[in-house]
Amino acid sequence: MSEILLDVKHLVKYFKNKKGTLHAVDDVSFSIQRGRTLGIVGESGCGKSTTGRCILRLQEPTSGQIIFEGKDILALKRNELRKVREEMQIIFQDPFSSLNPRKTVSELIGEPMRLHGRYHSSQERDVKVLRLMDIVGLAPRFVNSYPHELDGGRRQRIGIARALALEPKFIVCDEPVSALDVSIQAQILNLLKDLQTTMGLTYIFITHDLSVVNYFSDDILVMYLGKMMEKAPSEKLFENPLHPYTKALLSAIPVPSIHNRPERILLQGEITSPVNPPPGCRFAPRCPHCMECCLQETPAYVEVETDHFVACHLYGRDPK
Ligand code: ADP
């Protein structure tokens, strides 16, 4: 049995605004074994990024526990957190807006090492920067280039090099290829996969694109309006999706064969507001199988077969 690297328990993140309380992440729990990838999928605004950011404490969770290598990182003091932060990194969707345009590639990649005292001379820094550039497939000739002089793929390689600079164990990849041309997406995905193998990295891979996540993830968590809807090993989720929302998401993936194409499930209705959400299942107003109980009771998140969890009144108990 592999060791659990990250254990997230009952994570909640609410934002207060003028209209009330926005439930961005509402009781999310999962664990990830070392060296594996959990994909988190769902439509824009369902709480994927907030989950990732809370795990790294880039945002303070409202409540919950985040256990990383046995330590509850929400209970850590500032200097202890600084140490753990070296081991937990993030790759952002849009490398352009996350990179300081006035810094060169060398400065950008060297920055995390500078901030964490990882080199003692400029020579040592240069050697480490060039090594990282090599690891992420950036030619040495770009060492003095600025981000705007590079294409999206190369900019994302800078973002990846920065994430690797402190030799982390865990990386949140937050839509790392969504802003890239399709032709470049596969290169970056392959790079991330190779790095995982060679460096034994553990990933959370956040995306709205289910076709990407299937290729990349061992397990997939489907979220909707801050709630966990379904979680299963990737193959199981694709072969036997249970939640009506997962089924609708999967039916929207373009498939090359016209013979095996599942019928597209078009969801009716609007996404409900995450502010002061009503009781019941958050997906109920759009669900083709909505029952009376779905509008009144939040469905429990239950394991319906080994490693396959779902929060839906169609499963796990008889509807009243
Ligand atoms: P996703 O990554 O799935 O697109 P997010 O985690 O970015 O979703 O957002 C989840 C919800 O939280 C959205 O309704 C979003 O508007 C809200 N939200 C995210 N960050 C903030 C913030 N800093 N302040 C207020 N609301 C936020």
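Whatever order the structure lists ligands and atoms in, that order sets their numbers, starting from 1. Small disclaimer: the values here were computed from a predicted structure and weren't measured.
- Cation-pi geometry between Lys227 and Tyr245 is not met at under 6.0 angstrom from the ring centre and within 45 degrees of the axis.
- At a heavy-atom cutoff of 4.0 Å, ligand 1 is surrounded by Phe15, Leu22, Ala24, Glu43, Ser44, Gly45, Cys46, Gly47, Lys48, Ser49, Thr50, Gln59, Pro274.
- Put simply, the side chain of Lys231 never gets that close to the backbone of Glu303: no donor and acceptor are under 3.5 Å apart.
- Between the side chain of Tyr203 and the backbone N or O of Leu192, at least one donor-acceptor pair lies under 3.5 Å.
- For the salt bridge (charged side-chain N to carboxylate O under 4.0 Å, His left out) test, no residue two or more places apart in sequence or in another chain qualifies with Lys236.
- Partners of Asp26 according to the side-chain hydrogen bond (donor to acceptor under 3.5 Å, both in side chains) rule, which considers only residues two or more places apart in sequence or in another chain, are Tyr14, His23, Arg282.
- For residues 195-220, the set of pairs meeting the salt bridge (Lys or Arg N to Asp or Glu O under 4.0 Å) definition, not counting sequence neighbours, comprises Arg36-Asp219.
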